[in-house]
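Reviewing the structure listed below.
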Amino acid sequence: MVTEGPWLDGLTSAQRAAVVHPAAPLLVLAGPGSGKTRVITRRIAHLVAQGAAPWSILALTFTNKAAGEMKERVHSLLGAELAGARGLQVSTFHSFCATLLRRYGSSPAAAASDGTPLAPGFSIFDTDDARDAAKRAIAAAGFDSKNWPAAIVLSRISDAKNKLLDAAAYAAEAGDFTSRSLAKIYRAYEAELAKCNAVDFDDLLLRVARLVRQDASVREELQQRYRHVLIDEYQDTNHAQFVIAGAIAQSHGSLTVVGDPDQSIYAWRGADITNILDFEQHFPGAGVIPLGQNFRSTAHIVAVADGLIRHNTRRKHKDLTTELEAGAMPQVIRALDERHEARVVVDEMVRQHEAGVPWKGMAALYRMNALSRVIEDELRRRSIPYVVVRGTAFYERREIKDALAYLRTLANPSDEVALRRIINVPTRGIGATTIARADALAAAHGLGFEAALAATDGLTARARKAIDGFLANVAQWRADLMQGAPHEVDDEDLPQMLGGMLGGYVARVLTESGFEAAAGEGSADAEEAAERRANVAELVTAASEFRMPAQEPGAPRPQLVDVLRAFLERVALVADSDAFDPEAGAVTLMSLHAAKGLEFPFVAVIACEEGILPHSRVQADPAQLEEERRLLFVGITRAERQLMLSSAAMRTLRGIREATMESQFIEELPADRVARRDLAGGSRGGSIDPDAPSWEPDPDERQGWKAGMRVRHRQFGMGQIEAVLRQGSVTTLRVAFRTVGVKSLVAEYARLEIVG
DNA sequence: GTCGCGCCTTCGAGC
DNA sequence: AAGGCGCGAC
């Protein structure tokens with residue numbers, strides 16, 4: 001047993017107390033910048049040093065990124081000395097649950113609520129797939145999609161699932177007409193999922209919660225295996241996650257949770273803040289260690305954050321302190337409009353850069369992803385490197401979803417949502433009529449969609465031929481999945497070998513199906529077509545770079561089908577923040593939600609305006625308003641040395657230009673801790689003429705048109721500037737468009753987008 | 001059966 | 001501003 005080591009170096013007494021706390025329930029209330037990640041990783045290292053087997057430790061994080069970093073840190077802490085941390089399991093709740101469902105899916109407790117068992121290779125539906133399934137469920141339950149929008153239905157079902165109410169339990173509680181109707185739709189939705197051998201995101205948690213509650217042998221196996229459970233960002237766990245963690249930790253009680261109620265920002269997707277607030281009631285005798293000292297931000301920033309969060313009434317107050325110097329005053333900026341705001345923010349970034357802060361040390365944060373656009377434009381115009389952190393954006397693209405639907409059809413033959421998506425992509429002459437016929441046949445004979453397609457008669461010869469050809473291909477591709485790596489490949493080289501096989505396989509399917517060749521079709525222009533093809537190529541690359549996670553000891557060697565399923569699972573569970581690369585050497589742009597857990601020397605929170613932050617949809621509800629305030633608190637506390645909070649007196653949003661009001665949260669900041677700069681002339685909105693050119697755009701921006709530039713017009717599409725004619729203050733451009741020929745446009749009004 | 005246009009709605013954060 | 005849906009033309 002080792003009682004001293006590098007994992008105890010340089011800790012404060014509170015941090016140390018948390019690290020060495022006995023293997024018993026422990027709540028670490030960790031304020032922003034208080035060394036939370038440090039405490040978890042070092043506690044893991046300490047547990048291992050105390051003799052715990054690495055594979056007996058389960059650490060659950062919020063994102064894959066955080067999981068990867070945590071694993072790495074533990075590795076380097078223990079290093080050679082303790083033979084590393086092999087077998088240590090660090091993952092997100094969702095991927096941990098997916099893994100359990102692959103392993104224990106045959107347990108009746110993991111089955112769908114109608115009893116349909118989960119087969120290996122089940123699909124994980126994303127929000128889009130779930131919406132498709134919900135639409136079909138609404139129709140199947142006999143309701144009109146006009147009165148029952150899929151998105152609303154889904155959010156109600158999601159709420160139910162997060163509270164561990166399955167369709168039957170929901171129906172039992174349903175009293176009024178709306179609830180009873182929803183209960184029917186919920187049941188039909190579950191039937192759709194079951195038919196597809198699919199789960200949605202909430203199911204991953206719900207089914208595992210049911211599994212650990214109802215299946216004693218699984219529960220005991222997990223309790224035996226995971227002797228120590230640690231959970232990061234505990235303030236954002238929901239009830240299902242609470243049940244899962246509690247069940248696993250129940251026998252030994254070694255449960256460490258770390259979080260900050262003031263940073264709880266996911267109530268809207270089911271996070272239950274009482275998990276953390278009532279931890280001591282849930283686990284009597286639990287240790288509680290507050291970490292209030294902030295090592296991240298200079299004193300003014302901490303004071304501003306503290307001053308803001310004090311306005312939340314439903315909270316346990318803890319003092320935020322720092323021993324760092326006062327530092328720069330946080331700046332509160334009121335700009336004229338969103339482009340002006342972007343200019344001011346980027347000006348500050350340039351100033352910071354000149355003062356030695358690298359681009360990667362800066363971030364612009366916002367409440368809504370749509371707000372990234374102006375900042376992007378400004379950074380691009382000034383040739384400053386930036387990345388928009390939105391990991392799921394790539395997977396939301398149509399061509400990528402289609403390509404993945406091919407793979408899902410192959411990995412999970414029941415996945416009808418996927419099959420429907422690609423049955424006629426590229427167009428093969430299998431249209432709505434054919435599909436309606438197949439549906440009718442399926443309903444009449446209780447067939448699956450694929451079987452019904454094969455069996456439908458009375459089709460045109462062309463449709464018949466198209467279906468037969470396609471299904472023959474599918475059968476061949478599925479057969480091709482039943483192969484492993486050559487036996488002579490040793491374990492060391494296996495992951496890379498399998499990745500290569502997967503890449504080759506994906507490329508082959510997408511080529512042979514004709515998908516790749518047609519990937520650019522239907523694009524508005526050649527540019528977009530090229531982009532789509534590049535994205536598909538990128539997906540093939542991602543597949544070949546995929547590394548199969550380590551298998552359980554004694555497990556059979558994975559076949560290609562297992563690799564494909566693991567890949568699809570990984571892809572389904574990417575988080576937006578997974579795309580964050582601290583070494584990218586670029587300014588970071590991301591949502592306030594995605595910024596949780598990160599830190600930057602310079603942070604700008606843009607669009608601090610009523611209706612945006614707080615968001616317009618929440619203002620009536622005090623609990624939701626407090627969550628909005630916490631969101632700004634999270635943003636502020638990402639800043640290490642420089643903070644800018646900006647708003648614009650005028651903003652164009654969703655195509656409407658409107659006067660704005662500064663966020664009520666700005667007024668709540670301690671006035672002596674912020675430096676205000678009102679660049680909008682004291683305007684509080686409303687009094688400005690929206691059309692008045694209120695600030696001077698950069699000369700190079702106004703006169704930036706040059707012959708030869710490639711531009712895009714909303715209506716005319718792609719074109720190239722032939723000539724720039726200046727007539728007084730008016731600039732006229734002669735533009736040769738690909739489709740409509742040469743046009744003369746007034747530069748100021750044409751709203752041309754420069755594309756290169 | 002397919003394609004393209006225009007009207008209409010929507011419109012937040014995300015595993 | 002942008003995506004979904006329905007209609008008409010080919």
Side-chain angles (χ1 to χ4, degrees), chain A residues 60-67 91-98 124-128 130-131 135 145-146 149-152 154-155 158 161-162 199-206 233 236-238 240-241 264-271 365-371 373 389-393 395-396 398 424-436 459-460 462-463 466 521-522 524 569-579 590-596 607 611-619 624 627-628 630-632 634-635 652-657 714-715 751 753:
Chain A
L60 295 167
T61 60
F62 209 69
T63 63
N64 302 300
K65 192 102 208 161
S91 55
T92 66
F93 255 108
H94 283 87
S95 71
F96 175 64
C97 289
I124 300 171
F125 276 3
D126 68 11
T127 314
D128 259 25
R131 189 154 38 86
K135 276 183 191 162
S145 62
K146 294 226 165 47
I152 291 171
L154 273 177
S155 86
S158 177
K161 287 188 175 182
N162 286 329
V199 297
D200 62 22
F201 289 130
D202 302 312
D203 272 334
L204 290 170
L205 306 174
L206 169 84
E233 307 283 6
D236 284 322
T237 51
N238 64 25
Q241 290 165 321
S264 162
I265 53 176
Y266 283 99
W268 55 272
R269 67 170 210 215
L365 309 179
Y366 33 79
R367 178 65 175 82
M368 297 184 292
N369 285 306
L371 294 168
R373 192 69 170 272
V389 178
R390 194 148 185 268
T392 53
Y395 297 100
E396 284 167 8
R398 206 188 74 197
N424 202 30
V425 178
T427 50
R428 325 185 147 87
I430 306 171
T433 313
T434 305
I435 288 168
L459 297 176
T460 62
R462 185 159 165 263
E521 281 170 17
E569 178 181 309
R570 167 78 56 87
V571 162
L573 298 179
V574 285
D576 275 348
S577 49
D578 289 340
M590 64 180 140
S591 71
L592 286 161
H593 282 92
K596 191 171 73 161
I612 294 178
L613 180 62
H615 195 271
S616 53
R617 308 244 297 229
V618 313
Q619 279 172 342
Q624 289 183 24
E627 180 150 316
E628 297 290 301
R630 290 193 292 269
L631 205 43
L632 180 57
V634 166
T652 306
L653 205 58
R654 294 158 201 152
I656 301 163
R657 185 170 165 85
R714 226 179 125 228
Q715 194 183 341
R751 292 199 288 185
E753 195 185 333

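Hydrogens, waters and symmetry mates play no part in the numbers below; they use all other heavy atoms, side chains included. Each chain gets a letter, A, B and so on, in the order its sequence line appears, and its residues count up from 1.
For the C1' atom pair drawn from C:dC5 and B:dG12, the interatomic distance equals 24 Å after rounding to whole Å.
Under the side-chain hydrogen bond (donor to acceptor under 3.5 Å, both in side chains) test applied with A:K161, the options A:N238, A:D202, A:D200 reduce to a single match, A:D200.
Evaluation of A:H615 against the base of B:dA13 yields no stacking contact (centre distance < 5.5 Å, interplanar angle < 30° required). With centres under 5.5 Å and a plane angle under 30° as the test, the ring of A:W268 is not stacked against the base of B:dG12.
In this structure, A:D576 atom CG and B:dA13 atom C1' are separated by 10 Å, rounded to whole Å. Put simply, CZ on A:R367 is 13 Å from C1' on B:dC11, counting in whole angstrom units. One interatomic measurement links the two molecules: CG of A:L653 to C1' of B:dG12, which rounds to 11 Å at whole-angstrom precision. Atom-to-atom, OH of A:Y266 to C1' of B:dG14 comes out at 6 Å; the value is rounded to the nearest Å. Atom CD of A:Q624 is separated from atom C1' of B:dA13 by 12 Å (rounded to the nearest Å). As rounded to whole Å, 14 Å separates atom P of C:dA2 from atom CD1 of A:I656. As a whole-Å value, the separation of A:I430 CD1 from B:dT2 P is 8 Å. Spacing between atom CZ of A:F125 and atom C1' of B:dC15 amounts to 16 Å, rounded to whole angstrom units.
Residue contacts shown for A:I612 are absent, as no nucleic acid heavy atom lies under 4.0 Å away. As judged by a 4.0 angstrom heavy-atom cut-off over every strand, A:T460 is placed among residues making no nucleic acid contact. When heavy atoms are screened at a 4.0 angstrom cut-off, A:E628 is found touching base atoms of the nucleic acid. Residue contacts shown for A:V574 are limited to sugar-phosphate atoms, with no base heavy atom under 4.0 Å away. Within 4.0 Å (heavy atoms only), A:K135 reaches sugar-phosphate atoms of the nucleic acid but no base atom. Counting any heavy atom pair closer than 4.0 Å across all strands shown, A:T127 reaches a base atom.
Comparing B:dA13, B:dC11, B:dG14 by their closest approach to the side chain of A:R617 singles out B:dC11. Of the candidates B:dG14, B:dT2, B:dG12, the closest approach to any side-chain atom of A:T427 belongs to B:dT2. Closest contact between the side chain of A:R373 and the listed nucleotides C:dA2, B:dC11, B:dG14 involves C:dA2.
Taking side-chain N and O atoms only, A:R654 has a distance below 4.0 Å to OP1 or OP2 of B:dG12. Between A:R630 and B:dA13 there is no side-chain N or O to OP1 or OP2 distance below 4.0 Å. A sub-4.0 Å separation between OP1 or OP2 of B:dT2 and a side-chain N or O of A:N424 is present. Between A:N369 and the phosphate of B:dC11, there is no side-chain N or O to OP1/OP2 separation shorter than 4.0 Å.
Considering all non-hydrogen atoms of both residues, A:D236 and A:S264 come closest at OD1-CA, 3.4 Å. Residues A:A575 and A:T63 come closest through the heavy atom pair CB-CG2, 4.2 Å.
Here A:R390 pairs with A:D576 in a salt bridge; the nearest charged N to carboxylate O distance falls below 4.0 Å.
The shortest distance between side-chain heavy atoms of A:L653 and A:I612 falls below 4.5 Å.
Place A:A432 and A:V618 on DNA chain B by their nearest nucleotides, and A:A432 ends up nearer the 5' end. The residue among A:A151 and A:S577 whose nearest nucleotide of DNA chain B is located toward the 5' end is A:A151.
By the neighbour-count criterion of 12 heavy atoms within 6.0 Å, atom CZ of A:R269 is densely surrounded, having more than that number from other residues, nucleotides or ligands.
The aromatic rings of A:H94 and A:F201 sit perpendicular to each other, their planes meeting at more than 60°, with 30° as the lower class boundary.
Within 3.5 Å, no donor on the side chain of A:R269 pairs with an acceptor on the base of B:dG14, nor the reverse.
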